[in-house]
Amino acid sequence: MRAQAVLISAVAAVLAAVVAVTVVVLLRPAGDAAPLEADEDFGDVRVYAIDLDGAPVPEPGPDAQRVWDLFVRVATPAFAAEAMSEYRVGDAPDSDTMAYVHRDEDDPTLWTLAANIAYADDEDLLTSTLIHEYGHILSLGLADVDPDADDCATFWIDVGCVAASSALFAFDETFWIAYGDLAPAPDDTDAERGEALFEAYPDDFVSDYAATNVVEDFAETFQAFVLEDEPAPDSPVAEKILFFWNLPAYVEVRERIRTDLEWP
């Protein structure tokens, strides 16, 4: 009888363990099913594929989903479905990187968004950051930057040769040529060089980060263009914002984003 009691107790313990594991699995957030990868900016990130409806797969946790939903409002559901291939989510409160985008390595017509959900509770900061990243997408598409160019009559960035017809090239010609040798190269991310330029021309930039290089200045100024009222032409930074007001396609994007975000 004692042996039978021990056997029954052992079986009960096994069943309890199975139930406990089952409960843990059922209660685990859906986002935990996404694979983990190392990321230079965020440490470990969850990696989600984007399905044909523009939704991350598998379903992310609440904060990651909220960030994605805001990005979709900025970029449009159609763009998310047609042009986004991957969503990378990290939680790195010690990182000063809030998000970044890059072209898909296998298909340069598609894009990846990476987001740091440590900043997910700051909606204003998150909104401006995602608009900044969308500014990169608008200015670095295949019509604006050729990844397969052999020669380049304008300038190179890390994803290819910037087209002479692009808004980014016009922005560089209008504003950055004047900075001469003090200007960081278009793909230079050295913080000290950017700081030196900002200190020399503090009235030319919407933020100190904008002085990093012309690519970041374009995206930072685009973000200000979308979120702020049209300025009077009374300062160098105002002239940069007004650059976008003279581009009808960008004005249309601005109005659409502000409408979709219900921006005041």
Side-chain angles (χ1 to χ4, degrees), residues 70 73-75 96-101 119 122-141 144-145 154-157 162-264:
L70 181 56
R73 291 172 69 190
V74 169
D96 58 3
T97 299
M98 289 164 274
Y100 64 82
V101 292
Y119 296 93
D122 190 333
E123 188 166 350
D124 288 344
L125 180 60
L126 180 61
T127 299
S128 63
T129 298
L130 294 178
I131 292 173
H132 170 109
E133 298 306 328
Y134 187 53
H136 283 316
I137 291 174
L138 290 176
S139 59
L140 301 177
D144 303 293
V145 182
T154 57
F155 58 86
W156 296 97
I157 57 176
V162 174
S165 59
S166 68
L168 179 60
F169 181 67
F171 189 85
D172 181 78
E173 289 284 292
T174 304
F175 303 111
W176 274 69
I177 293 297
Y179 301 141
D181 293 339
L182 191 59
D187 57 357
D188 187 349
T189 58
D190 184 276
E192 291 185 1
R193 286 182 61 84
E195 289 170 5
L197 180 62
F198 183 75
E199 289 174 2
Y201 296 93
D203 297 329
D204 284 31
F205 299 97
V206 298
S207 68
D208 56 352
Y209 184 66
T212 301
N213 56 50
V214 66
V215 176
E216 296 303 339
D217 193 17
F218 187 98
E220 279 286 270
T221 308
F222 171 76
Q223 172 263 121
F225 159 72
V226 170
L227 296 178
E228 298 175 7
D229 294 334
E230 183 175 2
D234 56 6
S235 68
V237 71
E239 294 294 341
K240 283 186 176 179
I241 295 172
L242 289 169
F243 169 88
F244 290 94
W245 281 99
N246 291 318
L247 300 176
Y250 279 81
V251 173
E252 184 178 341
V253 169
R254 175 187 187 271
E255 296 308 311
R256 194 267 307 157
I257 291 175
R258 289 172 67 94
T259 297
D260 290 349
L261 294 181
E262 300 179 352
W263 198 257

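Quick note: numbers below take in every heavy atom, side chains included, and nothing from hydrogens, waters or symmetry partners. The model shown is predicted, which means the values in this text are computed figures rather than measured ones. The first residue of the sequence shown is numbered 1, and numbering continues consecutively from there.
- Arg254 is linked by a salt bridge (Lys or Arg N to Asp or Glu O under 4.0 Å) to nothing, counting only residues two or more places apart in sequence or in another chain.
- The two residues Ala200 and Leu182 make their nearest non-hydrogen contact at CB-CD2, 3.5 Å.
- Between the side chain of Arg73 and the backbone N or O of Asp260 there is at least one donor-acceptor pair closer than 3.5 Å.
- Ring geometry for His132 against Tyr209 counts as tilted: the plane angle lies between 30° and 60°, on a 0 to 90° scale.
- Atoms CG and CD1, from Asn246 and Ile241 in turn, are 12.5 Å apart once rounded to the nearest 0.5 Å.
- Residues in residues 228-247 take part in these salt bridge (Lys or Arg N to Asp or Glu O under 4.0 Å) pairs, two or more places apart or across chains: Asp217-Lys240.
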Side-chain donor-acceptor distances from residues 165-172 under 3.5 Å, at least two apart:
unit_1 : atom_1 : unit_2 : atom_2 : d
Ser166 : OG     : Ala163 : O      : 2.7
Ser166 : OG     : Phe169 : N      : 3.1

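- Between Arg258 and Pro264, the closest heavy-atom pair is NH2-O, 2.7 Å.
- Within the model, atoms CZ of Phe225 and CZ of Phe243 stand 10.5 Å from one another, a figure rounded to the nearest 0.5 Å.
- With a 6.0 Å radius and a threshold of 12 heavy atoms from other residues, nucleotides or ligands, Glu123 has its CD atom at or below the threshold.
- Scanning all heavy atoms of the two residues, the minimum distance from Asp204 to Pro236 falls at OD1-CB, 3.2 Å.
- Scanning all heavy atoms of the two residues, the minimum distance from Ala219 to His136 falls at CB-CE1, 3.5 Å.
- Formation of a donor-acceptor pair under 3.5 Å by the Asn213 side chain with backbone atoms of Asp188 is found in this model.
- Two residues are said to be in side-chain contact when any heavy atoms from C-beta on lie closer than 4.5 Å; Pro186 and Val214 meet this criterion.
- In this structure, Ala232 and Leu242 approach most closely via the heavy-atom pair C-CD1, 4.4 Å.
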- Message: The test is side-chain contact (heavy atoms from CB on, under 4.5 Å); show your working for Asp187 and Val215 and say whether it passes.
- Response: CA-CA 8 Å; Asp187 57 357; Val215 176; over 6 Å; no
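- Side-chain contact check for Leu138 versus Tyr250: some heavy-atom pair is nearer than 4.5 Å.
- Atom OG1 of residue Thr129 and atom OH of residue Tyr100 lie 14.5 Å apart, to the nearest 0.5 angstrom.
- The aromatic rings of Tyr179 and Phe205 sit tilted relative to each other, their planes meeting at an angle between 30° and 60°.
- Trp263 places a side-chain N or O within 3.5 Å of a backbone atom of Leu227 that can act as its donor or acceptor partner.
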- Query: Going through the checks in order, is the side-chain contact (heavy atoms from CB on, under 4.5 Å) test met by Tyr134 and Val253?
  - Reply: CA-CA 10 Å; Tyr134 187 53; Val253 169; 4.0 Å; yes
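- Using a distance-only test at 3.5 Å, with no hydrogens or angles considered, no donor-acceptor pair links the side chain of Thr221 to the main chain of Phe218.
- Interatomic distance, Asp208 CG to Glu216 CD, rounded to the nearest 0.5 Å: 12.0 Å.
- When side chains are defined from C-beta on, Val101 does not count as touching Leu140, because their heavy atoms never get closer than 4.5 Å.
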- Task: Dump the intermediate steps for side-chain contact (heavy atoms from CB on, under 4.5 Å) on Phe155 and Val162, then the final yes or no.
- Result: CA-CA 6 Å; Phe155 58 86; Val162 174; 3.4 Å; yes
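- Atom-to-atom distance recorded for Leu247:CG and Glu252:CD is 12.5 Å, nearest 0.5 angstrom.
- With a 4.5 Å cut-off on side-chain heavy atoms, Trp245 and Val251 count as touching.
- Side-chain contact between Leu197 and Pro184 is present, with at least one heavy-atom pair separated by less than 4.5 Å.
- Closest approach of Val206 and Ala224 over heavy atoms only: CG1-CB, 3.9 Å.
- Counting only distance, with no hydrogens or angles, the side chain of Arg193 and the backbone of Thr212 share no donor-acceptor pair below 3.5 Å.
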